[in-house]
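Read the structure below first, then the notes.
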Amino acid sequence: MKKKKSAAGEKRRRYEHVPGRVRMIELPVLALLLALIVESLSRASVAKMFAYVAQHPLYFLYNALIILTSLTFSELFKYRRSALFTLCVTWIGLGAAAFMVVRERTQPFTSMDVLMLKDAVTLTTVYYTWPQIILMCGAVFLAVAAAIWVITRLPRRRHVNYTASITAVAGLVILSFCLCTLGVSFGYFPRHFEDLVDCYNQYGFATCFTFTFGEMGVSKPDAYSTETVTGIVDEIVDADAVQPTATPGPHVFDDDDNLAQPNIIIVQLESLFDVNTILGSAYSADPTPNFNRLSREYPSGELYVPAIGGGTANVEFEVLSGMNLDYFGAGEYPYSTILQEATCETIAYDLLEQGYATTAMHNHTATFYSRNEVYSRLGFQHFVSVEYMPYVTYTDVGWAEDIIMADEIIKAMDATDERDFVMAITVESHGKYEETYTYREGDPEILALPEQISKNRFANYLHLISQTDNFVGKLIKDLETYDEPVICIFYGDHLPGLDLTADILSTGSLYASRYVIWNNYGAKLEGANLQAYRLSANLLKQLGMTGGVITKLHQSYELEPEADSDYYDKLEMLQYDLLYGDQSAYENGVNPYRPVNLTMGSVPIEITSVSNLYGRVLVNGQNFTEASAILIDGTVYPTAFISSAQIIAIVPRTTPISTVCVAQLTSDGTELSRTAAFDMNSAG
């Protein structure tokens, strides 16, 4: 028996017998094959892959070199084939992820998407049905099980020549790095990935994904020093003497109303753009009549944004901070990186210092992009997320409808005595756009459309932006009669993920959105084509206001700096100094911006009375929402929303109750805030 067991053990312990010279051929061939597969997936087309290889053969070979370098790490393991198999599956998995991401949002798949996996998971039910999710989970489970089965049965080597293996790995790593460095130096590779779509198309998936992996933050400029930064600050300090260029209008308010400091509202409209800019398109009616009317009657222009199909938070960040995303890592979301720990000067901080109350508003969950944490480091005193909005209605795929935002903006302004700055971000017209969408009464009909765009998906998109446009119309109607001066800026955050290409757009750019500046007191403002990171500074300059050093820098230069201007170098220098450097731009190198005490909601949620009748705990109060949950002695109980003044929970009749409070919970159970405890004993 012992001999049989020993023989069986030897049979299971299979060894690999592959000569080194064979592996020298095997790995490059495998790398080339993987490069072809990954490019086909990331471009969602085998034909496009072959066209890319024909047009950019050297870039394709560099992609294969990167993959080869990663595969060579398998030579460091005894279970070489198992490691090699795992690496191959990983690359194919990345290609599949790229295929799914590009299909839904156009913006390419980057390493930051891996780091943002938690937020991505929350959107799974939006983009996929439950049968699809179950099928995908089953497929992943089977794939993992099959991979484990294969890995455990692959042979291992008797010994590893670590000297040769380490030499091969190190040699390829150095070669890849040197080629990259030389490529950047001689202009074959970009220093900054300003247009991710074009970069992925030209340089390939493996190259771009690798370049984005671990590349976060603003790189230290070669000329960076305290003297250089202070010199920049000295040059722009005169921007404190900014003179208003906006001409006051004829509208008369109360004597104490100061037209020099109007309420300022910035509304970021999800995926909205003028669909009439699509060449060869025609519709039975204008899908966004309110927005387009404002664009004709008030100052407006093209707003060049850093994203397409997704990346809402990055457009928001540029508008608020005045910082250029091009200087950060490719595909990076500062909300998820540096702003997790650092404050950043913004228009909110600028206006806070001038006596404004600052409110951020978004009809989506507070934790998305960590906004409930980040906003305190951007200068906001209040954050009104969907959990603080009562009577919210939803689209078929689960996005909150935008119409609720009109009332919430007015409520936020009425809740303060000061002038208000409100940054509102909508969500209704976010993808996914349904392939099976059918026409609904009132929808504009598509009379003509380029063939490359899915007609059904586009029809769904038109329906959604027409709903968003209704919100724009309602908000303007409410603000027209508001008893304080108001300036409101509307803009689309990015183009939708709908197979758009620059050649079918009259703007000639996938990054050109539209903005308009409206006001209710007849002020004469100016619109111009500009980058998103210059929008806030340009508005403040017209109002005779300034702010932090970034704002002052923008206000010191024309909206279109000369080609030989040092404006961009100075902007990059200041961005590095303020977020990653010595903060020499600030007096004594001390950051004056401190995290603000962020209050969730614009109005307080309060309990006025609690009654317990046979296990039914009825809580009376004010400003409750569907996200309100009753806590009894610290334990959350399932809660039913009756109205903004009443909620109820059913508990076991024998449950002792000492204290009751109400918490606002996200859909995953994260607590955002809670009321003061209501003492049942003292209530008598």
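Since the model is a prediction, treat every value here as computed from it, not as a measurement.
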Working to the nearest 0.5 Å, report the span between [atom1] of [X] and [atom2] of [Y].
X      : Y      : atom1 : atom2 : answer
Phe211 : Cys180 : CZ    : SG    : 3.5 Å
Thr367 : Asn372 : OG1   : CG    : 6.0 Å
Leu272 : Ser429 : CG    : OG    : 6.0 Å
Met405 : Thr468 : CE    : OG1   : 10.0 Å
Arg371 : His364 : CZ    : NE2   : 8.0 Å
Phe209 : Tyr200 : CZ    : OH    : 7.0 Å

Could you list the residues that satisfy side-chain contact (heavy atoms from CB on, under 4.5 Å) with [X], not counting sequence neighbours?
X      : value
Glu302 : Tyr304, Thr507, Ala512, Arg514, Asn529
Thr181 : Phe177, Ser185
Ala282 : Leu447, Ala448
Ala31  : Ile67, Leu68, Leu71

Is there side-chain contact between [X] and [Y], with at least one heavy-atom pair below 4.5 Å?
X      : Y      : answer
Glu401 : Val392 : no
Phe317 : Leu339 : yes
Ile66  : Thr207 : yes
Val275 : Ile465 : yes
Leu36  : Phe60  : yes
Leu303 : Leu530 : yes
His362 : Val427 : yes
Asn314 : Phe328 : no

Partner residues of Phe73 under the ring pair (Phe, Tyr, Trp, His ring centres under 6.0 Å) criterion, sequence neighbours left out: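 For Phe73, no residue satisfies ring pair (Phe, Tyr, Trp, His ring centres under 6.0 Å) once neighbours in sequence are set aside.
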
I'd like to check the ring pair (Phe, Tyr, Trp, His ring centres under 6.0 Å) partners of Tyr533; sequence neighbours left out, ordered by chain and number.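 Listed in chain order: His554.
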
Report yes if the distance between the aromatic ring centroids of Phe291 and Phe490 is under 6.0 Å, otherwise no. no

Output field: ring centroids Tyr59/Phe189 closer than 6.0 Å: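 Here the rings of Phe189 and Tyr59 have centres that are less than 6.0 Å from each other.
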
Considering residues at least two apart in sequence or located in another chain, which fulfil the salt bridge (Lys or Arg N to Asp or Glu O under 4.0 Å) criterion with Arg43? Glu39

Give a yes or no answer on whether the side chain of [X] reaches the backbone of [Y] with a donor-acceptor pair at less than 3.5 Å.
X      : Y      : result
Tyr437 : Tyr461 : no
Ser370 : Val374 : no
Asn363 : Ala400 : yes

Can you list the residues that meet the side chain to side chain donor-acceptor pair (under 3.5 Å) rule with [X], with sequence neighbours excluded?
X      : answer
Asp396 : Arg440
Asn201 : none
Thr69  : Ser176
Ser281 : Tyr283

Side chains of [X] and [Y]: do they bring a donor and an acceptor to under 3.5 Å?
X      : Y      : value
Glu270 : Thr312 : yes
Glu387 : Ser385 : yes
Glu316 : Tyr335 : yes

Heavy-atom closest pair, residues Pro496 and Tyr433: CB-OH, 3.7 Å

List the atom of Asp499, the atom of Ser454, and the distance in Å for their closest heavy-atom pair. OD2-N, 4.4 Å

Table please: side-chain donor-acceptor pairs of residues 46-58 below 3.5 Å, with sequence neighbours left out.
from, atom 1, to, atom 2, distance (Å)
Tyr52, OH, Asn63, ND2, 3.3
Tyr52, OH, Tyr203, O, 3.2
Tyr52, OH, Gly204, N, 3.4

Considering residues, nucleotides and ligands other than Glu435, do more than 12 of their heavy atoms fall under 6.0 Å from its CD?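 More than 12 heavy atoms, drawn from other residues, nucleotides or ligands, come within 6.0 Å of this atom.
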
